[in-house]
Structures are given as C-alpha cells and as structure tokens.
Amino acid sequence: MTIRTRFAPSPTGHVHIGNIRAAVYGWLFARHEGGQFLLRIEDTDRERSTPEAVRTVLDAMEWMGLTFDEEPLYQSMRMPAHLAAAEQLLAKGLAYREDKGGTGKGEAVVFRMPGTDMAFHDEVKGDLRKKAEDMKDFVIVRSNGTPVFHLANVVDDIHMGITHIIRGDDHVENTYRHLALFCALGAPVPKYAHLPMIINAQGKPYSKRDGAAYVGEFRDKGYLPEALFNYLALLGWSPGDDREIMSREELVRAFTLDRVRSAPSQMDLKKLDWLNGVHMRALPRETLEAGCRAVLERRALWPVPGGLDYLARVVETMGERLHFFTDIADHASYFFTEEYVFDEKAVNKRLKKAGAADALRALSDRLAALDPFNAQTTEQALRALAEERGEGAGVLVHPVRVAVSGSSEGPSLFHMLEVLGKDRVLARIARALEKFAAE
RNA sequence: GACCCCAUCAUCUAGAGGCCUAGGAUACCAGGUUUUCAUCCUGGACACACGGGUUCGAAUCCCGUUGGGGUCGCCA
C-alpha cells in the first residue's frame, strides 16, 4: 500500500508557522516513504475562505517547496458527500437526530460513540487510550443542514485514501471521534502522528506577538525557504546524529516519524538567523544576486547605473556579510544611493574627531591623483600617506569609511572604494567634510 | 474541575540500564584572524525538575510530587 499524507489547512489569510511545520513533516514523511503528499483546502467557512486566502496557502506551499501530487481538493465542493455519509450512518443506526437546542431551527444529526474504551498507537506519542465514559456523542450535521468539521474531515480523508494523518497535537482528543467515524463508515483506519506545538517563551502557543508567526512574514523578512525548511525540520525532530545543516534531499533521506520528539519546542529566531546565513553563503552567485536585486527593487534602490555588473561587484564585495537578501538594502544601501544614512556614533567617533578633517583632506588629494583607481592603488596611497604622516593606517581608514558609507562597519575598505569609484568617493569625502568636520 | 499529554544546558537537541566525569548546535563570554564589521579558528561558562523505588548499576524502567501544555462547541 502506498503511503498518502495530506495537509489540510483552512484558508484564513495566513499560514501559521506551526501549520507549515506540520506540512513539512507530512511532506518529508511522504517523500521519504516514496508516497504521496496531498493538499486539501478546508474552505467550508465561507466568510473567511476568500480566493485570496486560498492563494496565500498555495503561495506558502510553493515558496516552501512543498509540492503536492494531485490537484488540491476543495472541501466546500464535497458537502453532498458529507451529507450522504451522515445519511448512511443514520440508516445504519450509528447516528440519530436530536434537537440539542442549537442555533438552527430543527434537529441536528448526532453520531453515537461506540460506548467502549478506545486506544490507538500514535506514531510519535506512543499508545494512547481513553475510557468510554470520557467520550460523548457529538454533532456531525448541524440543524441548519451543514456538516461539522469532524464528519467532513473523516469523509474526505477516506475519499482521498489518506493512510497517515500528521497534524498538531491539539487534535489528539479528536482522534477518538475520528477513529470511531472511520469504523462506522466501514473504512480502514489511518495511522496518526500528532506533532507537539511550537510554543513561545511562556510556554503558550507561538503567535504573532512572539515575532514572525506566519510564513509570509518570514518570506518578507528575507529568510530563505531552504533555511526555514531546514530549521523547522529540526524543531522537534533530529536525524539522530550531529547534523544540523541539511538540504531538502538530506532531510528526506533521514526523516522518520519515530524520531519526532513528543515535547513542545520553542522557536529560537537567533538560530534561524544563523542558519539563514549558512544557507545564504551556500547560494549560487546568480541566485544571490537575483534575490538582492528583488529587495533593491522593492526598496526603490534599483535600477542603478552599471546595472547587473555593478550589482555583481557589490555582492562580491559584501560576501559573507549578507545574512539576508534584505541586508543588501539594510547594510549596503550606500552602494546604491547618495542618500545613505550616517550612523551618529560613527560620525562622532571618526569624523568629528580632532585631526579627522585634516587627514581626510590629505587623503582626498592623494586619491584624486590616482589613475587606475582600484583596491590596490587606493591601499598603496593610503598606507604611503599614513607613513608620511607618521600615523597608523587606522587614522585614515576609519574616517574615510564613515565618510563614504556612513557606517563604521562593512566590507574591506579598499574594495569598497574601488566599487564606488573615484568620482563618488571624492564627492562623498568632500560632502562629509562640509557636513561634519567643522574643524 | 475532569480527561489526556509533556519534562536533559538560556534555546534546539543526542541519549532507548553500564560507552555519560551527559555529546552537538545556536546564543553568551574570552582569545586569535580581519587595522572595521562579517566569516573562520580556539577556549570557557551552562542541563538530566524534585522525591521515592527497581537494579550490582538509572538521564534512561516504575510510582508519586511539582511545573507546563492540550481538550472538554450545532469552531476548525
């Protein structure tokens, strides 16, 4: 029997990180087993289930690389099947009609629990059981004639031939109901794997208040899907050895449900950041450049004279300083605009200091005389000048860096000067002199 | 409250009775490399919630306590 798993989100306009992790685990499991991974949109809540909300789910899946093997099933289209199942249960005497005083006018259809103790083996939590007296009959069709989640869910899982249900452990208590429904409908029961929640520092379910909580936010903040994927895979699961940095393929090869932890885990955004840097550094040049360009476009820092070649040189110079695509705008905007911001502390320390203006003027003259203006020649000129003045190179290096980039951090100064080019460098030094060095 | 689940460094985790004076990673601290920053390298501090058992031997098994979480809808 080939394994089939599914991700069954209800489209609410955003995809929670905990949900996408469930999808990641389902996908990983299906791929590892050579099975299928399916998508079912639980869009029965017509208020919230707008086409845009559905689009958000699809986008998140695509961005994360969670490919599914069949066309998505839209639960709203399946209402007749759900109702038919209820009729069948009614006919078999496994359900009954009753007015439980609900919202609707008439009677609801209530499913009769078997009245026996129940047990099942959860792939991550182990053996779980529940006593008959702790389980009550429950409504499967509302008095207004619409099917309830439990019914729809089970009927659709049967229809889709789902063999393994991988979902959040807030569903464990529902499992007994679902199991009973599978049996009542004469279908083979699937296996279940309940994943622990992702929690915040307070032990509560991780939410928007705790930082980025939705897939789209991570994307917008510049995280790489492969980094988030890698991170999420390791949040609650481990390969059993010391590997941490893993590609999608390695994860597929290593993933098994029995290595999923059953205790909840907390997001560590710092670790995600680190992992993002790791994946960033492993990216092919063209991908890196394309990602940076997209950010620049979004921040209105693109296009720029020199175009793609220029961008390539900036990216090359920034090197492993880019932990996020957004860093190209957050930490290297001075390559793309004259409107770069001056860091106040850096200005005070390096430009408003006694002697800084004098040093800058002297250096500016030397730089102006350079014919090939590149990393080598600028470095030579600077060092020669420093020696003549009987000072360390730092006395010159720091002020220029701040004058030219506004910041005291950044790539190798001389490569930066080369990329910026003589004209811009001289103009920036002059402007900085005017602006800050009122010596 | 009832029922269920969970419990190793700050965080993610390895650990399925002796290999554990508990390993790795992030974060943190200290040094080195880089006259900056980042990367990288080296070192450091940091944990088996508690109490009882079982056993020659327990982070690992059992019971209890404590702490946390989930579920108790004609929501999904």
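A note on names: the letters A, B, ... follow the listed sequences, proteins ahead of strands, and every chain is numbered from 1. The figures that follow rest on heavy atoms only: side chains count, while hydrogens, waters and symmetry mates do not.
For A:A108, whose side chain is taken as the heavy atoms from C-beta onward, the closest listed nucleotide among B:C74, B:U8, B:A38 is B:C74. The side chain of A:K130 lies closest to B:C4, out of B:C74, B:C4, B:A76. Looking at the side chain of A:R321, the nearest of the listed nucleotides B:U11, B:C37, B:C6 is B:C37. Minimum atom distance to the side chain of A:P264 is reached by B:C6, of the listed B:C6, B:A76, B:U36.
Base contact: A:R383 has a heavy atom under 4.0 Å from a base atom. Using a 4.0 Å heavy-atom cutoff across all strands shown, A:G410 reaches at least one base atom of the nucleic acid. Using a 4.0 Å heavy-atom distance criterion, A:V172 is classed as making no nucleic acid contact. Looking at heavy-atom distances under 4.0 Å, A:R243 makes no contact with the nucleic acid at all. Using a 4.0 Å heavy-atom criterion, one finds that A:G236 contacts the sugar-phosphate atoms exclusively. The residue A:N174 sits close to a base: some heavy atom pair falls under 4.0 Å. Among the protein residues, A:T12 comes within range of no part of the nucleic acid, since none of its heavy atoms lies under 4.0 Å from any strand. Among the protein residues, A:E244 comes within range of the nucleic acid bases, having at least one heavy atom under 4.0 Å from a base atom. Counting non-hydrogen atoms under 4.0 angstrom, A:I199 reaches nothing in the nucleic acid. Among the atoms of the strands shown, only primed sugar atoms or phosphate atoms (P, OP1, OP2) are found under 4.0 Å from some heavy atom of A:H323. Counting any heavy atom pair closer than 4.0 Å across all strands shown, A:P205 reaches sugar-phosphate atoms only and no base atom. As judged by a 4.0 angstrom heavy-atom cut-off over every strand, A:H171 is placed among the base-contacting residues.
Judged by distance alone, with hydrogens and angles left aside, A:K271 brings a side-chain donor or acceptor within reach of the base of B:C12, the pair sitting under 3.5 Å. No N or O donor and acceptor, one from the side chain of A:S265 and one from the base of B:C12, sit under 3.5 Å apart.
Pair assignment for B:A7: B:U66, on the basis of Watson-Crick or G-U wobble contacts that are both within less than 3.5 Å. B:A59 makes up no base pair with any nucleotide shown, lacking Watson-Crick or G-U wobble contacts both under 3.5 Å. Here B:A2 sits opposite B:U71 as a Watson-Crick or G-U wobble pair (both hydrogen-bonding atom distances under 3.5 Å). Look at B:C46: it lacks any Watson-Crick or wobble partner with both distances under 3.5 angstrom.
Residues A:F29 and A:F255 place their aromatic rings such that the two centres sit no closer than 6.0 Å.
A:R177 forms no cation-pi arrangement with A:F111, by the criterion of a distance under 6.0 Å to the ring centre and an angle within 45° of the ring axis.
Comment: A:R299 engages A:D330 in a salt bridge, judged by a side-chain N to carboxylate O separation of less than 4.0 angstrom. A salt bridge does not link A:D117 with A:R129: every distance from a Lys NZ or Arg NE/NH1/NH2 to an Asp or Glu carboxylate oxygen is 4.0 Å or more. Checked for salt-bridge contact, A:E123 and A:R167 miss the test: no charged N lies under 4.0 Å from a carboxylate O.
Contact between the side-chain N/O atoms of A:R167 and the OP1/OP2 oxygens of B:A76 is not found at any separation under 4.0 Å.
Side-chain atoms of A:T5 come within 3.5 Å of backbone atoms of A:G26 as a donor-acceptor pair (strictly under, hydrogens ignored).
Spacing of P atoms, B:C50 relative to B:U34, comes out at 47 Å, to the nearest Å.
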